[in-house]
Amino acid sequence: MKILVLNSGSSSIKFRLFAVDEAADHWQPAAQGAATRIGESGASLRLSWQGDGGEPQTRDDPGEIPSHHAGIERIAQVLQETGSLAGVGELRAVGHRVVHGGEAFHAPTLVDDDVIAAIRQMIPLAPLHNPANLDGILVARELFPGVPQVAVFDTAFHQTMPRTAYRYAIPGYLYREHHVRRYGFHGTSHHYVAKEAAAMLGKPLSHCNLITLHLGNGASATAIRDGASIDTSMGMTPLEGLVMGSRCGDIDPAVHFYLHRHLGFDNDTLDDLLNRQSGLLGLCGVNDMREVHRLAETGDEDAELALGVACHRLKKYIGAYAAILGRVDALVFTGGIGENDAAVRECACAELAHLGVELDIDANAGVQGEAGWVSRRESRVAVLVVPTDEELEIARQTREAIA
Ligand code: ADP
């Protein structure tokens, strides 16, 4: 059985094809790649796959990709040309990443006309993402008739949050009539690493209390009680919470009025400022954490400050979530920074012994890009590094939805 996972963005489509051995619950990535610069000049389709002898192969086809329709058609074509897919008949299902499921979706969902209408209704909540996600679904439905399509929502895992965590302290009609509340994102990743962490702890996820920290270009923290999300740092949009590559995270909303009144910033300027010019980039001029470290090592004070602000915020969330959880079994680091950056992990966990968190400095320094246990043996709270795999989680949830 093969399952195709599509992550359809505004100008790119990332994909991964899995061969699933159901009996052994074994998921083999058969091919993966991306169609990039869709509708722009310099478009290309990259693919890597397992050759006949199991050796990795790659191919990069430049050439115009005028639309998502053309992109997915070419993906299907190259998957067949390279032998990764015998034919569309071999596809058991297609799993789609959908950013915003609002309050309507708590779980992966088999796509039908009603689901499409609901995802369309959610566009005002995620105007940059949902239209492109929806495009992917519509095109895949047309190109692969009869193949079940499953939508997997970034927000779904956080639908277990209690009202006390998801409501903003603003007049109630804004929630009831205009859907203004916290939804949370990165749910597929938080859920995946939580399951992996539970396996490392040797307990069922439903018995685990965890603080999961997804630290990539976008970053979010989640408090998980008995396997379910009870709070998360991103809000109505992915702007709230931790310091990110170019997003500010938590900020006093009155800053907006001040910038509007005193500098004449309009909505678009503020949107660009807070989503694309802030975070690490705003503080020190670069948004890539490796670059921030490189600058800090040369004594650049802005880069040192950026690291300090990001780690301070991270630690504050760990403390807040420890307070609402009561018992914490593990802190779980994931995402490009969480998986690779021992210095950020060390800084976030420093002086947290009063909360039961004791990092093993040497073990921590030795873990990069792989799963690892980085707390001291006597630490009451385990500190774990778990590489995330959102595509695999989407594929697994897709299989669950069609089962
Ligand atoms: P995205 O949110 O785009 O999926 P990733 O999860 O790939 O992002 O994370 C990107 C971030 O991870 C960047 O800030 C990058 O600098 C950081 N990163 C990747 N590798 C390392 C590393 N070895 N050390 C420190 N940071 C790293």
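For ligands, and for the atoms within them, numbers begin at 1 and follow the listed sequence. Note that this is a predicted model, so its numbers are computed, not measured. Worth knowing before you read on, the calculation uses all heavy atoms, side chains too, and leaves out hydrogens, waters and symmetry mates.
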Parallel, tilted or perpendicular: which describes the rings of F105 and F153, with under 30° parallel and over 60° perpendicular?
-> parallel
May I ask you to identify the nearest protein heavy atom to atom 8 (O) of ligand 1, giving residue, atom name and distance to one decimal place in Å?
-> N217 N, 3.2 Å
Throw together a table of side-chain donor-acceptor distances under 3.5 angstrom for residues 304-314, partners on residues two or more places apart or in other chains.
from : atom 1 : to   : atom 2 : distance (Å)
R313 : NH1    : G241 : O      : 2.9
R313 : NH1    : C248 : O      : 3.3

Residue, atom and distance of the protein heavy atom nearest atom 11 (C) of ligand 1 read I337 CG1, 3.8 Å
What about G216: any of its N or O atoms under 3.5 Å from an N or O on ligand 1?
-> no
Verify the contact flag for atom 23 (N) of ligand 1, where contact means a protein heavy atom under 4.0 Å away.
-> yes
Examine H293 against ligand 1 and note whether any of their N/O atoms are separated by less than 3.5 Å.
-> no
When distances are taken from atom 6 (O) of ligand 1, the protein heavy atom at minimum range is G336 N, 2.9 Å
Nearest neighbour in protein (non-hydrogen) for atom 14 (O) of ligand 1 | M289 N, 3.0 Å
Taking everything shown except E301 itself, do over 12 heavy atoms lie less than 6.0 Å from its CD?
-> no
Does NZ in K2 sit with more than 12 non-hydrogen atoms of other residues, nucleotides or ligands closer than 6.0 Å?
-> yes
Centroid-centroid under 6.0 Å between H100 and F185 rings | yes
Can an N or O of G335 be found at a distance shorter than 3.5 Å from an N or O of ligand 1?
-> no
What are the two closest non-hydrogen atoms of A156 and A107, and how far apart are they?
-> CB-N, 3.9 Å
Identity and distance of the protein heavy atom lying nearest atom 16 (O) of ligand 1 | D288 OD1, 2.4 Å
Calculate, to the nearest 0.5 Å, the distance between atoms CG and CD1 belonging to D389 and I394 respectively.
-> 9.5 Å
Relative to the heavy atoms of Q368, which atoms of ligand 1 are at a distance of less than 4.0 Å?
-> 23 (N)
Name the orientation class of the two ring planes belonging to H186 and H214 (parallel below 30°, tilted from 30 to 60°, perpendicular beyond 60°).
-> parallel
Output the list of atoms in ligand 1 that are nearer than 4.0 Å to some heavy atom of G218, sorted by atom number.
-> 2 (O)
